[in-house]
Protein chains: 2
Amino acid sequence: MKEKIQPNQNLEQEILAAAEDLFLERGYARTSAVEIAKRVGCNQALVHYYFRTKENLFNTIFVQKNLLFLQTMESFEEQDLPFEEMISRFIKMQFNFFITHDKRLAYFILDELVRNPVRLDSQLSAMKRLFKSSKGLEMRLQKEIAEGRVRKMTFFDLAVTIITLNSALFVSRPIIIKLLDISEEEYTALIKLRCQENIEIILRSLRP
Amino acid sequence: MKEKIQPNQNLEQEILAAAEDLFLERGYARTSAVEIAKRVGCNQALVHYYFRTKENLFNTIFVQKNLLFLQTMESFEEQDLPFEEMISRFIKMQFNFFITHDKRLAYFILDELVRNPVRLDSQLSAMKRLFKSSKGLEMRLQKEIAEGRVRKMTFFDLAVTIITLNSALFVSRPIIIKLLDISEEEYTALIKLRCQENIEIILRSLRP
DNA sequence: ATTATCTATAGATCTATAGATAATGC
DNA sequence: ATTATCTATAGATCTATAGATAATGC
């Protein structure tokens, strides 16, 4: 009855991929090992054979995605550019990250950190590392302020503004698509326009 | 062994209250009828006696909260004020709403709409009604633009900016508290400061 | 011989309900 | 007599593992 489409040279990877897709779509609590197996077309026991526990499987994916995000942000270094140009590139980089990887990534990470205190604890040090690595940016902001090119503001506020405006349409993806009754392509187009709008808003928010 | 603290004149209300708190904290999937009963100090069967199904109980709470939010937004009417003053008041109103009702409300509504397509469908008409009732605001925006007092922008973009900036710190509450290692009181203070920052950013985003 | 896959099932929840008992309203 | 509360349990998942069988690597 059930047929294999692919010669399963690497079922472990297929399970990981199916799990990733389901976890991104529904989160930890609403996804079961049975569903993951069904999607792959294999037995549910195999999910545990390769990953031992559901928690373990989820954690593998979550940590990988979260580190990918944090490290991509961390790796941003354009210190020789004018401040506005730098901010503008950072915004574009963040949009690009979600578009090229997965549009559901922002909500996936947010949800797990908000709803699972244990996971939040386990990711704290990685998140604080990002905070520290952004000291350069913070110094830069202070310098711009001191020299009168940027209005007085805290680095925290700027970070909140950028991150939330940039993740807004990704986080609310299912709502936006349904409410505006648009296709995935139209949604992507909307997001790209929004990137420009965010740059506009954020640069304006910086000016003295 | 188990003692009643209160004379349960209205156990139904107590169950509702406990369910509300747990659902707000953990969402639908991570909350069980057993936990709700445990918190109230009664038998789990009573949860079903009063509300028949978990879905029904959740839906009662969700619809009430979502309508409360939508109607509060809808009821905003200050058409005789200058545009900037109007926007500023709207922002304050939204902050006030979450602070006085429940800081977890924003994430509660967002999460359910994002993760449960059935619920999203069921709330669509109510949400579209808000969209329609805001036509007045939209006209006002177009008028301001036409008369050169506001830069060219879509109503959709303005709405996204306001809603996301305003819900940002509420939505990320557990992360913020943990990351900054602050108390609930310090968190509330932070939020109030953020309200001012949002007004600043949004008003700046409007200027020609 | 080892590793991958399957079948079968134990054990843990969890939702929902049936049926017994206690409390309350006439 | 009706309504509220409890005990007990059926039935549906779901996770995890034990043990059988098939596939693969020497």
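The sequence lines fix the lettering, A, B, ..., with proteins before strands; numbering per chain opens at 1. Quick note: numbers below take in every heavy atom, side chains included, and nothing from hydrogens, waters or symmetry partners. All figures in this text were calculated on a predicted structure; none of them were measured in a lab.
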note: B/Leu11, atom CG; C/dA22, atom C1'; distance rounded to Å ~ 14 Å

Between the side chains of A/Ser183 and A/Glu186, does any donor sit under 3.5 Å from an acceptor? yes

DNA chain C base-pair string [pairs: Watson-Crick or G-U under 3.5 Å; |: paired with another strand]: ||||||||||||||||||||||||..

Rounding to a whole Å, what distance do you find between B/Leu46:CG and C/dT21:P? 17 Å

For nucleotides 11-16 of chain D, tabulate all protein N/O to nucleotide N/O atom pairs closer than 3.5 Å, reporting atom names and distance.
| residue | atom | partner | partner atom | Å |
| --- | --- | --- | --- | --- |
| D/dT15 | OP1 | A/Lys54 | NZ | 3.2 |
| D/dT15 | OP2 | A/Ala33 | N | 2.9 |
| D/dA16 | OP2 | A/His48 | NE2 | 2.9 |
| D/dA16 | OP2 | A/Lys54 | N | 2.7 |
| D/dA16 | N7 | A/Gln44 | NE2 | 3.0 |
| D/dA16 | N6 | A/Gln44 | OE1 | 3.2 |

For residues 123-137 of chain B, the salt bridge (charged side-chain N to carboxylate O under 4.0 Å, His left out) pairs (sequence neighbours left out) are B/Lys135-B/Glu138

Listed partners of A/Phe131 passing ring-ring contact (aromatic ring centres under 6.0 Å, His included), at least two apart: none

With B/Phe98 via ring-ring contact (aromatic ring centres under 6.0 Å, His included) - residues at least two apart: B/Phe69, B/Phe170

For B/Lys103, enumerate each residue passing the salt bridge (charged side-chain N to carboxylate O under 4.0 Å, His left out) test, keeping only those at least two apart in sequence or located in another chain. B/Glu184

Protein-nucleotide distance (A/Asn56, atom CG; D/dT17, atom C1'), rounded to Å: 15 Å

A/Asn43: side-chain contact (heavy atoms from CB on, under 4.5 Å) partners, not counting sequence neighbours: A/Ala45

According to the side-chain hydrogen bond (donor to acceptor under 3.5 Å, both in side chains) rule, which pairs have a member within residues 155-165 of chain B, sequence neighbours left out? A/Arg194-B/Asp157, A/Arg194-B/Thr161, B/Thr154-B/Asp157

Figure out the CZ/P separation between A/Phe51 and D/dT17, and round it to whole Å. 15 Å

Could you state the atom-to-atom distance from CG of B/Asn43 to P of C/dA18 in whole Å? 16 Å

Rounding to a whole Å, what distance do you find between B/Asn10:CG and C/dT24:C1'? 14 Å

Distance flag, aromatic centroids of A/Phe108 and A/Phe58, threshold under 6.0 Å: yes

Who passes side-chain contact (heavy atoms from CB on, under 4.5 Å) against B/Ser122, sequence neighbours left out? B/Arg119

Interatomic distance where OH belongs to B/Tyr49 and P belongs to C/dA18 [whole Å]: 14 Å

Mind checking if B/Tyr50 touches a base, just sugar-phosphate, or nothing, with heavy atoms under 4.0 Å? sugar-phosphate

